[in-house]
Each structure stands twice: as C-alpha cells, then as structure tokens.
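Report on the following structure.
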Amino acid sequence: MAPHFVFPRNLQDLEQDSPDDNSLSVQNPTNIASLSSSQLEEFVKGVSFDLSDREILCVEDQDVFDRVYSLVCGYASLPNLCKLNLVESLRSNLAVLLPNVDSLSRASNEEDAHVLIIDRVASHRNTFKIYTYFLLNIVLAEDSNNTPKVVAASARKKQPVHSWNWEPLRARILGLIASSLEINLELLFGSSDPDEGYLSFITKNAFSMFENAAILKDSNSKDALCRIIGACSTKYHYTTQSSVSIMHLIHKYDFVVVHMADAVAGALKKYLDGSLATSIVREIGRINPKDYVKDTVGAENVGRFLVELADRIPKLISTNIGILVPHFGGESYKIRNALVAVLGKLVLKAFKDIDGEASTKNIRLRTKQAMLEILLERCRDVSAYTRSRVLQVWGELCEEHSVSIGLWIEVAEVAAGRLEDKSAIVRKSALNLLIMMLQHNPFGPQLRVASFEATLDQYKKKLKELEPSEGSDNENSHEEDAVPMQNGSDSSVPDVGNLEQTRALVASLEAGLRFSKCIEATMPTLVQLMASSSATDVENTILLLMRCKQFQIDGSEESLRKMLPLVFSQDKSIFEAVENAFSTIYIRKSPMETAQNLLSLATGSNIGDLAALEFIVGTLVSKGDISSSTISALWDFFCFNVGGTTAEQSRGALSVLCMVEKTSTGVLGSHLQDIIDIGFGRWSKVDPLLARTACLAIERLSEDDKTKLLANSSVRIFGILESLITGYSLPANIWYAAADKAITAIYAVHPTPETIAADMINKSLSSIFKDCGGSDIDTNSTIPITVHEAKLCRCLFVISHIAMNHLVYIESCGRKIQKQKIAKEKKNIENQSADSKGTASAGGTQKDNDINAELGFAASEDAALDAMFEKAEKEIVSGGSNEKNLVGICATFLSKLCRNFGLLQKYPELQAPAMLALCRLMAIDAEFCDANLQLLFTAVENAQSETVRSNCTIALGDLAVRFPNLLEPWTEKMYARLQDPCVSVRKNAVLVLSHLILNDMMKVKGYINEMAVRLEDEDERISNLAKLFFLELSKKGNNPIYNLLPDILSKLSKQNLSNESFCNIMQFLIASIKKDRQMEALVEKLCNRFSGVADVRQWEHISYCLSQLSFTEKGMKKLIDLFKIYEHALSEDSVMDNFRNILNKAKKFAKLELKTYIEEFEEKLTKFHMEKKEQEVTARNAQIHQQKIDSRENFNMDKDSEEYSKSNTSDEAVGEVVDPSIEETNTLSINGKPVPEASSSASITKPVPEVSSSALTELTEPNQLDIEVQSPMVKTRGAQRSRIKKNSVKEEKGDISITKKRVTRSRR
C-alpha cells in the first residue's frame, strides 16, 4: 500500500520529507531545464504512456509520481505540445477514476473482501487527491503565465492551425473537478465531508481564480468555478470559510459581484440549501454601518451583490431582510440605495405566489406591506441619490403593476411633492415616475376630473339604491345581490353586479378622481420646471406634459403652450425636445387636422407665444414637416371653404400663413385678392382683428408680390388702409393695433409713403377740429378750442407712429443705397478682372479709380450720404430751417400738452397716449429728446397711472440705446424705477436694465445694489428675472459680479433689509463666482472691510459673506493671516458662528497638515472670543457699579440740600408762626462727640442718640434703588448757605455722621 498523499502548502514542499513517514513525497525529481528538447519530448511521452497504459492508480507509484511532479514544476518551460499531452493524460485519468468510486461503493457491500476494499479505497483516495492537486496547479500556472499582452493584428492573423487553445481545456478541467465534488465521496473519505486539507485546497484555488477577470469571461470556466464553490460551501458544509472569502472578494473586486451572486444562487437551487446565502447576509448585517462610510468601493460592491441576490433568490432574502434593515440608519447612501433596490426586487418577486396556510399568508402580506412603507419613508431620505433611487424603484413597481390602488394615490402625491426637490436628479426621477404612473394607471385612458365626478355621482346614487334593499330582508340577501336592482336607477349607468361590486367600483372611481386631481395640481409646478436651468428638468417636464395631454389631464394643454418660448433656448437638447413635442402633438397625418391645430394655437396665443410659434413653424416648413397640403388646408380655412369656419379661425389661418411666408416666400401672393376681400370686407366687422392680420400679410409680401399688388390694386388697397387709419370703423381697443400694422404696411409697400403719410396726418388733425366748425389748422390762433379726447388720442398715435416709421424708412433707404453701391463696386471689380488682358481703356479706367481712391472721393461720397441721412432724420421733427414741418408743429403742441399736468389729470385717458407719443418723438430727434428729458423723468416718477410709468420706463431703455450720452447723467433715476411700488413698473425696469447692461449699452455703475435687492422681490416673476440677469452677467468676461460684490455688500448693509433677505441675496451672488482665484481675492477684500467698521450689523454681514465663500487651501491660509484685521469683531456670537462654519467646511477638504493648522486657529479664535466676552462683562459690570455710585451721591446731595434748605427756611421764618406739631432736631457729631449746630432762636436743639454712618448707609441703600428721590424747591440763597456748611463739615477730620430725626405729633 502506497503512502497517503497530504496537500502541501505549495508545490515545492513535496520535495521535503514530511514528519509523517507514511506520507507521499518526491524522492528523485528531474530537472526539466537541463533536458534538451528531444529529451524533454521523450520524457513527456514516457510519462503520458505510463499514465495511459498502466492502471489509473499508477500515479501513486513513486517513480511516476516523481516524474509527473517534475513536469508540473517545470510546466512553464514545456512546449505547447508537451503541455497538451501532460494535461490530457492527467485529465483523462481523473475522468476515468470518478466512475470507479461508484463501483467501490457497490463492492463495499461484499463482506468477504473487506480488507481488500479498504486498501483500494485508500489507493483511490490517494489517486483522486494527486490528480486533483496536479491539475489545479497546472491551471494556476498556465493562467499566471497567460497575462494579457498587446498583440499586433498581423501577428494574430499568422497563428498556426494547431495552436495552443487553453480556454476550452481549462473549462474541461474545472468542470471535471466540479463533477468530482458532486459525486458521492463519502466512501473515499470515510465521512460525508472530505478532509479539511482537500476542501481548503479546492476553495482556496477556486477563489483565487475568481480574482482573474479573464477566467470569468469564459462562461464554461465560470460556471465550473460556481459549481465548485456551491458544492464545497453547501454540500460539504464549508460555509463559514466560504462566506469570509466571498465577502473579501466582493469588497476588493467589482467584477466578481455578479458571478458570486450566480454561485450563491446556484448552490441554493442545486442543493436546496440556503445556508451560504444566509451566512453572507448575516455577515453583511454584522458589519458596522460606519465602516461603509470610508470604504465607498466596498459599499457599492456589497450593495450590488445584495441586489443581484434579491433578483435571483428573492424568497430567501425576504426571510432575512430584517438583518439588513438597520443599515438604513447608516451614513453610507450607497448601502441605502442598494437596500431600496433590494426591497423593490423583493416586492416584485418574493410575494408572487402567496400560498399555504392563512397564518403564513398573512405574515408574508404584512412583510410586503412593511417593505412598501419603508420605500415610502425613504422618499424623504437625506441623500438625494437615495431619494432618486427610491423613486426609480417605485417606477419599476408601477410598471409591473405591483402597487395597489390604495397605495397608488399615496405614491403619486409623494412623486408630486418631489417635483420641488432641490436636487435635479430627484426631480428627474419624480418626473419619470409620474410618466410611468400615467402610462400604467389602473383608472382608464381618460382622466378628466369632470367625467370622473359625473360617473362617480351616478354610481353613488346607484349604491344608495342598492343599500336599503340589502338591509330590508336578510333572508333574501343573496338573491338580491345576485339580481341587480334596475327599478328607479339611471339607465345610462351600466350594471356592475351586486352591492359589493358596486362599492368596489365607487372606491375605484374615488381613487381615480384623487389621482386625476393630484396630477392636475402639479401643473403650476411643471410650468415652473420648464424654466429650470437644468436641461433634464425641461426635457422630462415636456414628456410628462405630453403624457398628461394624452390622458386628457385638465390644464395640460394650457401648460404645454408655455413650452413654446423654449424654442429660443440656446441649449440644443431643449430646442429638440420642444420641436419633437410640437410635432408629436400638433402635426398630424391629415393636413386638415394639422391646419386646425395650428390655427387654434395662433388664435389662443399672446405676443410672446406667437413669436415662438412663428419660429417653430418656420423650422418645420424648412424641414418639410408642414407640407403644401397643410398650406392649402389653411387657405381653405381662411377663405371659409371649410364648413363651420368662424371669423376667428379665418384670422388664425391667415396668421399662420404669414408665419409660413417668412420661410417660404410667395405663399401669400397666390391669394392676394382673397386677403383684400376677406381681410378688409364684411368679416372684419365680425372679427375686427382680422383687419390687423390682413395688414400684417400685406407687410410681409415678397418684393414680386408687392410689385404685383401696386400694379393691380394700388388705389384700392391704399384707400382701404388710409380709411382704416383715419376712420372710426374699428372699436377703440382694436384700432390702435390695426392702425399700427396699417401704417407699417403702407411704408412697406408704397413707393413714396411720405405723401400718403402727410395726407393721413392732415386728415387726422382735420377730424379733431371739425367739431369746432373748421377743417384747417390755424397755428397763430389764440382762441381756445375744445376737442374730443378720443380723437386727440388717435391723432397723437398716428402722428408719432408715422414719424417712427418714417425714421425706419429713411434707414432702410440708406441700407438700400449702400447695398447698391457695394453691388456696383463689386460689378466694376468683376468687369476689371474680365478685361484684365491689358487693353488701353481698361488701364485708363483702373488709373482713374486709383486716383479717385488716393484723393478720397469714395470717402467723401460716404460722408455726403451720411450727412444726407442725418439731415433727413432731423427734418422729421425739428427740421433744418426756422419753419417747422408738419410733425414738428405737432411735436411742439405735444410737448406743451404733456407739461400741462393739470389738464392730463383732468383727462387721465389722454395721459398715456400723449406720453407715449412724446417718447416716440424723443427717440427720433436728439434735440427734442434733450429738451424733454426732465419732463419724462418727472412723469416716470410722479405719474399716478401705472401704465404711464411702465411705458416711460420702457421708453427710457430705447432712449438709452439711441442717445446714450444724453441719458448717462440720468442713470441713477433709471435705477430708481426698481423701487417703484407697482409690480409692472419694477418688472419693466428689471427687463430694461438687464437688456442695457448685458448688451454693453450701459455701464454697471454704483447702483447695481438696487438690482440685487430685486432678488428678494415679493413678486416671483421679478425675482426670477433678477436671478436670470445676474446669472447672465456672471458669464460675461471675467465675471463682473466679483468686482461688484464688495460694493453691493457695503450698500446693502446700509439699507433697511431683513437679515434673511440680505443672506439670500449674498448667497445667490457669491454662488455665481466659480473661480478659485477670485474666491481667494474676495477673502482678502472682505476681511479688509472689517477695519474701520464699528457697526455690529456690518460685522455680521461681512462674516456671513465670508462663510459663503468656497475656501481653498490658499484662501484658508489668507484668512488665518489676516486675523489681526477682524479680531475686534469676534466678540459677537453671530460673527463667531460664521467663522466656525468656515472652519467646519475647511476641515472637510483640508489635508492633514492644514487640518492641524485649522484646529489650532479654531482654538485661538475660541480663546480670543471668550476673552472678549469676559472683557465685555467686566466693562458692563463696572459701568453698572459706577451708575450705582453716581446715583447714591446724587441721593445724598439731594438729601443734604433738602435739610439745609429747610434750616435756611427756618432762619428766614423769624417772626412767622411755627406749627408746634412738628419738631425737628439736627445733630452733628465729630469724632463721636455731639456738637450743637448754630441755629436760629426760634429752633430748639436737643441731643439725639448717635447712629453710625455705615449702618445708616445699609438701611438707606435699598430705598435708593426702589424710590425716586426728588430735590425740594429751595431758594438760591438757602442753597448757597447749605453748600457752604456742607463743605465746612467735610473739611474736618475723623468720622462724620449726620443723623436726622423727625417727630411728628398731631394736635387736633
């Protein structure tokens, strides 16, 4: 019998003699490196022959064992063919050995050959160990040598046909070892569990192979390793050691997580034993949650492992989930994220088939309910990542219909609340959850509140009809339930069955109604999210609104219209989201439906939405999404060719066609006559805005269509436009908009618009004075004329608007001349290049041009043109001569009218048109503007009408663009509009100043603090506009906010702002500064502001701003170095709290050396703060003590004055009658001896007992604090004498005590 084989620590230990003489060891090893290639080949063949030709147990023979050992030791140096022969020989022998184990078990039943069987079992056990040991060592050696190397593509192509292919061979070896563990090894090892050495060797090497990612990529090898781990851990009870190894691998390597989960789940399924999974879960549960805070990688890997386990073996994990729940209280959000995902997997999979006894079923249902409650609770987790993850889990549960109707509403309310979360990832998850809930809602495809309420009311009535029948007869209750009552019920309501079914339906309808109202209530929040700075917020909000419109949620369509302005977003993803949503909702396959959707949008939109709609329509037309069929359908709506078309729909169709014309010219030219006939015909009286839209269509005609219009219908169209402007056919509220577009259309189409404009002005003026009996304007007349207020308003509008359009017309003419000049020069250059072959005439022309260029004739032509245009602009209002033109005469009248405040207050409806006309004329002429600026600012400050102040504020922005030098001295007055009590004025002021500053048309001066105050405006719209302004300002250049911040801080500290508002403003401004260099410079700037400041409030503000900075290491050192500057402010608790916040934030990023420095500085701050507080307390106590001393001296002074004044009064009262009921005795004692004081003859002196001064002081001191003592009224002479006597007494040495005793006797 051969010696038994013992697993060594490593391969080379087999050469050492074991202390156990009966163990197998290597006696004669062969040095493989010393053999030649032929000798080595022969050596390997010999070993292979012995292993294959002899009995499979031959490997325990000493000679074969030594040779196999030698080959395994030198395995790395073997050629590939030799490796293959060796590996195949060992593997095939082990494969043959395994079936013999079963034959041994059968032979062991024969008692006669018992001794022989024992020997064979020992031999088989030895051989089994040897083959397993050598094969695993070969696998480890081969994989350690096969490290990944970069191989060229050409080298990979030139591999030989019979190359060494290790991966499948390794998979077969590992599969064979796994199979060897799965057979019955009880006979071989004498017990159900193999010996410790064997299992330790197998598991150790198996786990080491899990560390090699290349092995795990081979699915067969990975499956075999999982089988090995499962068999050792479960079948052979090697659970504890395996659990520790698995946890080690999970913490260390992220790529093993999934494979380890496969191994654990495979062990459970194969052996129906969950001990390994339970052991691992308990091991995770025992870990201190604080350990995961530092080991973030390990926490993430453990979390992923738990999720994978819950996905594979949910029932087992559900029974052990209580072990993991305490980790919800840990600080690692990654573990909490994983546990949330685990609960989601368990709810989905662990409770699908709830069968068995009622008690077990109830327990499992309660467990599921507890998990759902935990998921709801985690929606309020402190970590945004966990809140986001739990919302994603709820989305998965809703998608799989694992949420009950009762819980559905609660989840929807939680998701709606999370839409206002401060974290963008949470808001994104909440939006996606609501989308999922709408898509998989159990209430139906339509979620209108009104339809739910109507249906619910009907079924509630039906339920009331069913309930009395149920209680009337208990015996026939089942029959009543089975046959639903129809008598007296609403026939429109379908029957659903008995009472219980009706109750269930009513409960379902109530839940559906709550769900619809919950989603409807989110519409204002969704509108706000569309203005978010986060692109994901906007995109997901648009998707949710689209889903809401699909399910007909109330308010969704109106909210979707708010997305139209987002087409102007600079973010490409937002623009694409809006474009896709618009195409999905409004563009249909049917051209008629598309046309109807577009015209409905046009009729229901405001000015801003119309601009956005025009932009997106132009984009869709250029892409071909709006086809010619849709345009034809729009014309059909405009021309009333579609039955039931209203005038409003016709107007909307024409408005959309005007938008299309901007991209696709010539669309309007095909129906010019229809535009004139319908736009200005009888339908314009039904919808007056149709005339305005028709004017817009004429304005947007292409040049060819304008020429065609002038040739065919010029007289008619201009007559219509002139009558619209000067007539009174349109209502007053629509006339202004229509006249605006009509004047613009005339200037766009008419070849000489100034002629018709002059006629319109004359007609407007004549219409005013017709009521006075005349039609001409007499400028020299001094007779007062009474005019109609409404006519004057219209006249002023026509004059000012014509003047403004004339200015635009002059500029357009100038651009046309410049274009013609450039085109002419370009043509001359082309002609010269064509004739550049050297002809004499060409040379002469070129010479003339060169001479003209040298003399500056071209520049003089440009200057002449500019002078001509400037003169033309001046002549609009003031003119170039003493005689003023038509508009100039009206401008003089307008200026006088606006200065007559009494008249404007008497006729308030005249004030807005008059001021608006004045602002327009001021924008045209610089001299007129300068002459009326004072008037304009007076109006913008003192006008009672909010409309006037708003219009003037907007006009100031236009004037600042056109005449910046004139407006520059009035900058402070412009900023003052930010303090206007009217919301609309403040909003326009923010918009105007934002436009001027961001476009570099106004310098940011020392009044920017007024804009900062608007960050905390009571109106949310203004606050958002101010925030947008500062965000855009921070993107300009080197961030101007950095330079403005100290000045803003100084001025805000002096304003009457609440502490909360100040903190919010400065926090927002500081957050817009991102550069570390600027933050470091701000530290020094803010610290320097402490010097020379004695106001505690400013100390608090400066320290708060410092606490909001993002400190770097350099900034922190600078703060510490500047300690002497701000040390005097540290006595305040609020200042000290801000500095503590700075240090706490700095500790989080500081390295060890800086952290020590910060801690020392913190101790220094605390010590200095305490010293300052003690000094303050001491000074306060000293002040209080001094006040007590002063009050006591004043009391004694008053008392002495009273005594001596009374004695003086007695001196003066000689001969007067004295009341005998009052006797007063005064005694002065010096050094304890009573000395009688000189007194008048009328007074009687009697000695009194001596009372010490200290005792008197003790007795009188409390009274001094409680009683107010007033000095008596005395005469000056007496007071002087009392002072003299008191001074004479004080000069004496010794103890002086003054006692007074007053005895009062009553005599009736």
Determine yes or no for a side-chain-to-main-chain donor-acceptor pair under 3.5 angstrom, with Gln649 supplying the side chain and Thr646 the backbone. yes

Carboxylate-amine/guanidinium proximity below 4.0 Å for Asp421 and Arg427: no

So do the side chains of Ile717 and Val749 get within less than 4.5 Å of each other, counting heavy atoms only? no

Does one side chain, of Asp571 or Ser569, offer a donor that lies under 3.5 Å from an acceptor on the other? no

Is there a side-chain contact between Cys548 and Leu438 (heavy atoms, below 4.5 Å)? yes

Let's go through Met563 and Thr541 carefully: what are the C-alpha distance in whole Å and the side-chain angles of both, what is the deciding distance for side-chain contact (heavy atoms from CB on, under 4.5 Å) to 0.1 Å, and is it a yes or a no? CA-CA 10 Å; Met563 78 173 180; Thr541 301; over 6 Å; no

Quick check for you: to the nearest 0.5 Å, what is the distance between Trp408 atom CH2 and Met437 atom CE? 5.0 Å

Are the side chain of Asp554 and the backbone N or O of Val449 linked by a donor-acceptor pair below 3.5 Å? yes

Inter- and intrachain pairs under salt bridge (charged side-chain N to carboxylate O under 4.0 Å, His left out), touching residues 656-673, at least two apart: Glu614-Lys662

Judged by atom type as modelled, is there a donor-acceptor pair below 3.5 Å linking the side chain of Arg387 to the main-chain atoms of Ser423? no

Counting distance only, does the side-chain N/O of Thr645 pair as donor-acceptor with the main-chain N or O of Val642 below 3.5 Å? yes

Any idea how Phe797 and His801 line up, ring-wise: parallel (<30°), tilted (30 to 60°), or perpendicular (>60°)? parallel

Is any side-chain heavy atom of Ile746 closer than 4.5 Å to a side-chain heavy atom of Ile743? no

Any side-chain to backbone donor/acceptor pair from Arg1021 onto Val983? Under 3.5 Å, distance only. no

What orientation do His806 and Tyr747 show, parallel under 30°, tilted 30 to 60°, or perpendicular over 60°? perpendicular

Within the 4.5 Å heavy-atom criterion, are Ile678 and Phe640 side-chain neighbours or not? yes

Taking NZ, NE, NH1 and NH2 as the nitrogens, is one of them in Lys517 or Glu520 under 4.0 Å from a carboxylate oxygen of the other? no

Leu668 vs Trp635, side-chain contact (heavy atoms from CB on, under 4.5 Å): CA-CA, chis, key distance, verdict: CA-CA 10 Å; Leu668 295 174; Trp635 280 120; 4.0 Å; yes

Could you tell me whether the side chain of Ser516 and the main chain of Leu447 form a donor-acceptor pair under 3.5 Å? yes

Measuring from Asp674:CG to Asn641:CG, what's the distance to the nearest 0.5 Å? 8.5 Å

Do Ser534 and Ser532 pair up side chain to side chain, a donor and an acceptor below 3.5 Å, judged on atom types alone? no

Answer yes or no: is there a side-chain heavy-atom contact under 4.5 Å between Lys589 and Thr594? no

Using a 3.5 Å distance criterion without hydrogens, assess whether the side chain of Asp625 forms a donor-acceptor pair with backbone atoms of Leu620. no

With a 4.5 Å heavy-atom cut-off, do Leu613 and Met659 have their side chains touching? yes

Should the pair Arg448-Glu453 be classified as a salt bridge under the 4.0 Å nitrogen-to-oxygen rule? no

What pairs of donor and acceptor atoms, side-chain ones from residues 683-692 against any protein atom, are under 3.5 angstrom apart with sequence neighbours left out?
from: Ser684; atom 1: OG; to: Gly681; atom 2: O; distance (Å): 2.5
from: Asp687; atom 1: OD1; to: Leu689; atom 2: N; distance (Å): 3.4
from: Asp687; atom 1: OD2; to: Arg651; atom 2: NE; distance (Å): 2.6

So, Glu510 and Lys460, do they make that salt bridge, N to O below 4.0 Å? yes

For the pair Leu391 and Cys379, evaluate side-chain contact (heavy atoms from CB on, under 4.5 Å) and give the outcome as yes or no after the intermediate values. CA-CA 7 Å; Leu391 292 174; Cys379 291; 4.2 Å; yes

Go through the structure and list residues passing side-chain contact (heavy atoms from CB on, under 4.5 Å) with Glu420, not counting sequence neighbours. Thr525

Distance (rounded to the nearest 0.5 Å) between Asn712 CG and Leu672 CG: 8.5 Å

So, Asp705 versus Ser702: side-chain donor-acceptor pair below 3.5 Å or not? yes

Verify, without hydrogens or angle tests, whether Ser713 (side chain) and Leu709 (backbone) share a donor-acceptor contact under 3.5 angstrom. no

Working note: Phe575 + Phe615, criterion side-chain contact (heavy atoms from CB on, under 4.5 Å); need CA distance, chi angles, decisive distance, verdict. CA-CA 11 Å; Phe575 170 75; Phe615 183 84; 3.6 Å; yes

Donor-acceptor contact present, side-chain Ser664 to main-chain Val660, <3.5 Å: no

CE on Met804 to OG1 on Thr744, rounded to 0.5 Å: 11.0 Å

Within 6.0 angstrom of Lys428 NZ, more than 12 heavy atoms from elsewhere: no

Quick check: does any side chain N or O of Ser600 sit under 3.5 Å from a backbone N or O of Gln596, one acting as donor and the other as acceptor? yes

Note, Phe680 side chain near Leu724 side chain (heavy atom, < 4.5 Å): yes

From CG (Leu434) to OG1 (Thr522), nearest 0.5 Å: 6.5 Å

Check: Thr663/Ser622 side-chain N/O donor and acceptor closer than 3.5 Å: no

Nearest 0.5 Å, please: how far is CD1 in Ile676 from CD1 in Ile698? 6.0 Å

Run the salt-bridge test on Lys572 and Glu579 with the 4.0 Å N-O cut-off and return the result as yes or no. no

Are the side chains of Val567 and Phe582 in touch, meaning some heavy atoms are under 4.5 Å apart? no

Quick one about Gln550 and Arg547 (side-chain donor to acceptor, distance below 3.5 Å, no hydrogens or angles considered), yes or no? yes

From Leu433, Val393, Asn441, residue fulfilling side chain to side chain contact (heavy atoms under 4.5 Å, CB included) relative to Cys398: Leu433

